[in-house]
There are 2 protein chains.
Amino acid sequence: MNAFQTRPLVLQPRGAIEPCSRCDARSRSVCNAIPDTELRRLGEAATTHTVASGSTFVTEGEPASAFFNITGGSAKLYKLLPDGRRQITGFVGVGHFLGLAVSATYAFSAEAIEHVRYCRFSRAKLRALLDDFPAMEKRLLQVASNELVAAQEQMLLLGRKTARERVASFLLAQSRLGVICQTPRVQFALPMTRGDIADYVGLTIETVSRTLTKLRSDGLVDIPNATDIVICNRPAMERIAEGMT
Amino acid sequence: MNAFQTRPLVLQPRGAIEPCSRCDARSRSVCNAIPDTELRRLGEAATTHTVASGSTFVTEGEPASAFFNITGGSAKLYKLLPDGRRQITGFVGVGHFLGLAVSATYAFSAEAIEHVRYCRFSRAKLRALLDDFPAMEKRLLQVASNELVAAQEQMLLLGRKTARERVASFLLAQSRLGVICQTPRVQFALPMTRGDIADYVGLTIETVSRTLTKLRSDGLVDIPNATDIVICNRPAMERIAEGMT
DNA sequence: GTACGGCGTTGATTCAGATCAAAGCGGCGA
DNA sequence: TCGCCGCTTTGATCTGAATCAACGCCGTAC
């Protein structure tokens, strides 16, 4: 399940040669709470890293020594039971902030799906940054609040929805990813495998596959290939996702 | 399912006659971020209310105009599907802070289990308070982070645990409630009904009941009456909760 | 005191989704 | 080009929890 774990490649402190001013993830992340004139401070607090697809860069239970800001690629966050059962608690993309644990250890693991770039902030440096820029703390609180709302929605899905409702909800959520205040996408690619989807929505690979096939044969979606999804009948999909069937 | 909804009884602005200095919930809530000398500010920002058992005091989808701090009793937070399926996302007690929604509407409903007292902060007043006391914002971020960790744990339960594991996990979590940095309780009362437990752990009433009966006949817990629980074999319960069976 | 209604328990049966099994389908390295 | 391996799909069967059903236990209202 977990592939090998590679030591992430450390590039360099961001402050050195490539300041945050050129970061294309900044506008989408909590870093946009730091004014342009102070970007040097921000850059000096972080180091940039890259991890290959399949590599784990945060491990549940290990000392929570740092925070991470995804600047490229996508990753899955998950928890494991001792016998290997896995629950993916979220997929994260560019601009996502990870590792806000109050406890001494991480509560989840993170594994790169697509080649990931991220900025790493040590606890101490992030604390200093937050003390100097309360606006960033405000943004973090907003982000955490939004994640809490998403987590509650996911609990509803995991606790009370049928397989069909779960898959429909998942596809609709994916179609809305990344598009802010804009119409959701009709067609999009799923970066994760069927196994990842299954572990996210609390089903098995086979049930996810069968359910997708059924949604397609019902004319609600099209699946031109294993990774691409086309939402053919969004209103019907939305009704299914909400259990109105 | 939802009993009648009563308009909560408004008592008075806290600043008026009963300042926060006498609040026994303060030490357990985010309010402890406000220094004693500034308690008047805190009191003036809030109004106190009470709601009877069974009454709903926050409704999913309604404008999120305020935040709530529970000062007495306990409540359940839940989301509904249109056909009435319900997922309880959490039980909250004294000191718990509710309503941190960034969006314009509440993402959940809240209903009193036991007679509830709470302080209500309007968005504007809370914002002013947070601007003046960044320490409170820090505390809120801590609280939100902890809830996020708890939510991820609950996703693991809902997505991947068996009925037996879910009920064992739930009982252990209840046994640890309210005791901070201390040994968990061996015996305790469950304030919620079997139906509430079922909607929290994603099972039916019957399965919760049967599972409790089985745990008792296995000598792991005792259930002297419908509301009381005694943990007889905690190590075994912990193994079950983690799926080590 | 008794009738009623909500809550909890237990039993019988059903069913949605898991498990077991096998075969297609690419992509990639030799 | 071929062969292998991981991912996906599809089919057959099984099973854990849901559903359907009935009854016991209280607390409360009359």
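Residue numbers begin at 1 in each chain, while the letters A, B, ... track the order of the sequences.
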Trainee: Taking CG from A:D199 and P from D:dC7, how many angstroms apart are they, rounded to a whole number?
Mentor: 13 Å

Trainee: Parallel, tilted or perpendicular for B:F57 and B:F68, by the 30°/60° rule?
Mentor: perpendicular

Trainee: Working to the nearest 0.5 Å, report the span between CG of B:L220 and CZ of B:R164.
Mentor: 6.0 Å

Trainee: Separation of A:M192 atom CE from D:dG6 atom C1', in whole Å?
Mentor: 18 Å

Trainee: Output a table of donor-acceptor pairs, distance under 3.5 Å, between side-chain atoms of residues 201-209 of chain A and any protein atom two or more places apart or on a different chain; print 'none' if there are none.
Mentor:
{"from": "A:T204", "atom 1": "OG1", "to": "A:T207", "atom 2": "N", "distance (Å)": "3.3"}
{"from": "A:T204", "atom 1": "OG1", "to": "A:T207", "atom 2": "OG1", "distance (Å)": "3.1"}

Trainee: On DNA chain C, which is the earliest and which the latest nucleotide, 5' to 3', with an atom closer than 4.0 Å to a heavy atom of chain B?
Mentor: C:dG8 to C:dA12

Trainee: Without decimals, in angstroms, what is the distance between A:L190 CG and D:dC7 P?
Mentor: 15 Å

Trainee: Are the side chain of B:E62 and the backbone of B:T105 linked by a donor-acceptor contact shorter than 3.5 Å?
Mentor: no

Trainee: Taking atom P of D:dC7 as reference, at what distance in whole Å does atom CD1 of A:I223 sit?
Mentor: 18 Å

Trainee: Which residue lies toward the 5' end of DNA chain D, A:S209 or B:L203, if each is placed at its nearest nucleotide?
Mentor: A:S209

Trainee: State, to the nearest 10°, the angle formed by the axis through the first five base pairs of the helix from C:dG1-D:dC30 to C:dA30-D:dT1 and the axis through its last five.
Mentor: 30°

Trainee: Looking across every strand, which nucleic acid part, if any, lies under 4.0 Å from A:L212 by heavy atom: base, sugar-phosphate, or nothing?
Mentor: nothing

Trainee: Could you tell me whether the side chain of B:R210 has a donor or acceptor atom within less than 3.5 Å of a complementary atom in the base of D:dT19?
Mentor: yes

Trainee: With a cut-off of less than 4.0 Å, is there a side-chain N or O of B:T204 near OP1 or OP2 of D:dT19?
Mentor: no

Trainee: Taking atom OG of A:S175 and atom CD of A:Q187, what is their separation to the nearest 0.5 Å?
Mentor: 12.0 Å

Trainee: Roughly, in whole Å, what's the span from CD in A:E206 to P in D:dT8?
Mentor: 12 Å

